[in-house]
Amino acid sequence: MKVKYSEILNASDALSVISKEKVSIKEAVGIARVIKALREEFPIFQEKRSELIEMYGETTEDGMIKFKDEESARLFNESYAELVNYEIDLNIEPVLLTSDIQINAETILQIEKFIDFE
C-alpha cells in the first residue's frame, strides 16, 4: 500500500482509538499490524523533520520553531510540504472491519485508507 506521511500522521490517533474497541481477533490483529507499520515509519519522519528544523531554524524552549528569516521560513514550509506528501510503500493491506463499534465520521475519514468498513 502506498501511503503519504500526512496520511500516517492523520490516522495515528484515530487508529489508537479504534485499537481499544472490542473487535474480532482477526480485526484486532489486522489493526495491530497497521499500527505497527505506521509506528515504524514515524521515527524516520521525525528525523527528517528535525533535520529541516536544524537547516532553517531552531526549536525554542516552548517547542515552537524559530526561523532565521522569512526566506528560511518559506524554504522550511516548502520542504515540509514535500516531506508530508512523500509517498512510501508499506507492506500492509486495509483491515476489513465488520464488528459493530461506535465511531464518528471524522475518525472514519482519518483511517479510511487503512480500514475498510462493511
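Computed from heavy atoms alone, side chains included, the values below leave out hydrogens, waters and symmetry copies.
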Apply side-chain contact (heavy atoms from CB on, under 4.5 Å) to Ser16 and Ile35, showing your working.
-> CA-CA 8 Å; Ser16 180; Ile35 291 171; 5.6 Å; no
Assess whether side-chain contact (heavy atoms from CB on, under 4.5 Å) is satisfied between Asp116 and Val95, documenting all intermediate values.
-> CA-CA 6 Å; Asp116 284 335; Val95 177; over 6 Å; no
Check the pair Ile65, Arg49 against side-chain contact (heavy atoms from CB on, under 4.5 Å), reporting the backbone distance first and the verdict last.
-> CA-CA 11 Å; Ile65 302 171; Arg49 180 180 178 272; 3.9 Å; yes
Please lay out, stage by stage, how Phe45 and Ile8 fare under the test side-chain contact (heavy atoms from CB on, under 4.5 Å).
-> CA-CA 10 Å; Phe45 171 82; Ile8 292 173; over 6 Å; no
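Other residues, nucleotides and ligands place no more than 12 heavy atoms under 6.0 Å from the CG atom of Asp13. Other residues, nucleotides and ligands contribute more than 12 heavy atoms inside 6.0 Å of the CD atom of Glu41. Shown here is Glu78, whose CD atom has more than 12 heavy atoms of other residues, nucleotides or ligands within 6.0 Å. More than 12 heavy atoms of other residues, nucleotides or ligands sit less than 6.0 Å from atom CZ of Phe117.
Note on Leu15 and Ile44: same hydrophobic cluster, where clusters join Ile, Leu, Val, Met, Phe, Trp and Tyr whose side-chain heavy atoms are under 4.5 Å apart, directly or indirectly. Hydrophobic cluster membership differs between Ile101 and Val29, with clusters built from Ile, Leu, Val, Met, Phe, Trp and Tyr side chains linked at under 4.5 angstrom. Tracing side-chain contacts under 4.5 Å through hydrophobic residues (I, L, V, M, F, W, Y), one reaches Leu9 starting from Val3; they form part of the same cluster.
The NZ atom of Lys113 lies 10.0 Å from the NZ atom of Lys2; values are rounded to the nearest 0.5 Å. Between the CE atom in Met1 and the CG atom in Leu90 there is a gap of 7.5 Å [rounded to 0.5 Å]. Rounding to the nearest 0.5 Å places OH of Tyr5 at 7.0 Å from CG of Leu83. Taken to the nearest 0.5 Å, the CD atom of Glu47 stands 13.0 Å off from the CZ atom of Phe42. We find the CD1-CD1 distance between Ile31 and Ile92 to be 12.0 Å, quoted to the nearest 0.5 Å. In this structure, the separation between CD on Glu40 and CG on Asn91 is 10.5 Å, given to the nearest 0.5 Å.
The backbone N or O of Gly63 lies less than 3.5 Å from no partner atom in the side chain of Thr59, so there is not a single donor-acceptor pair. Here the side chain of Glu27 pairs a donor or acceptor atom with the backbone of Ser24 at under 3.5 angstrom. Between the side chain of Ser79 and the backbone N or O of Leu75 there is at least one donor-acceptor pair closer than 3.5 Å. Remark: side-chain polar atoms of Lys26 are not paired, donor with acceptor, to backbone N or O of Leu96 under 3.5 angstrom. No donor-acceptor distance shorter than 3.5 angstrom exists from the side chain of Thr107 to the backbone of Ile103, with no hydrogens or angles considered. Between the Lys22 side chain and the Asp100 main chain, no donor and acceptor come within less than 3.5 Å of each other.
Pairing each heavy atom of Glu54 with each of Lys68, the nearest pair is O-NZ, 4.2 Å. Closest heavy-atom contact between Ala14 and Ile111: CB-CG2, 3.4 Å. Nearest approach of Ile115 to Pro94, heavy atoms of both residues: N-CB, 4.5 Å. In terms of heavy-atom proximity, Ser6 sits nearest to Asn85 at OG-OD1, 4.4 Å.
Tyr56 and Phe76 have perpendicular rings, their planes meeting at more than 60° on a 0 to 90° scale where under 30° would count as parallel.
Comment: Lys4 does not engage Glu7 in a salt bridge, judged by the lack of any side-chain N to carboxylate O separation of less than 4.0 angstrom. Electrostatic pairing of Glu70 and Arg74 does not count as a salt bridge here, judged by no charged N lying under 4.0 Å from a carboxylate O.
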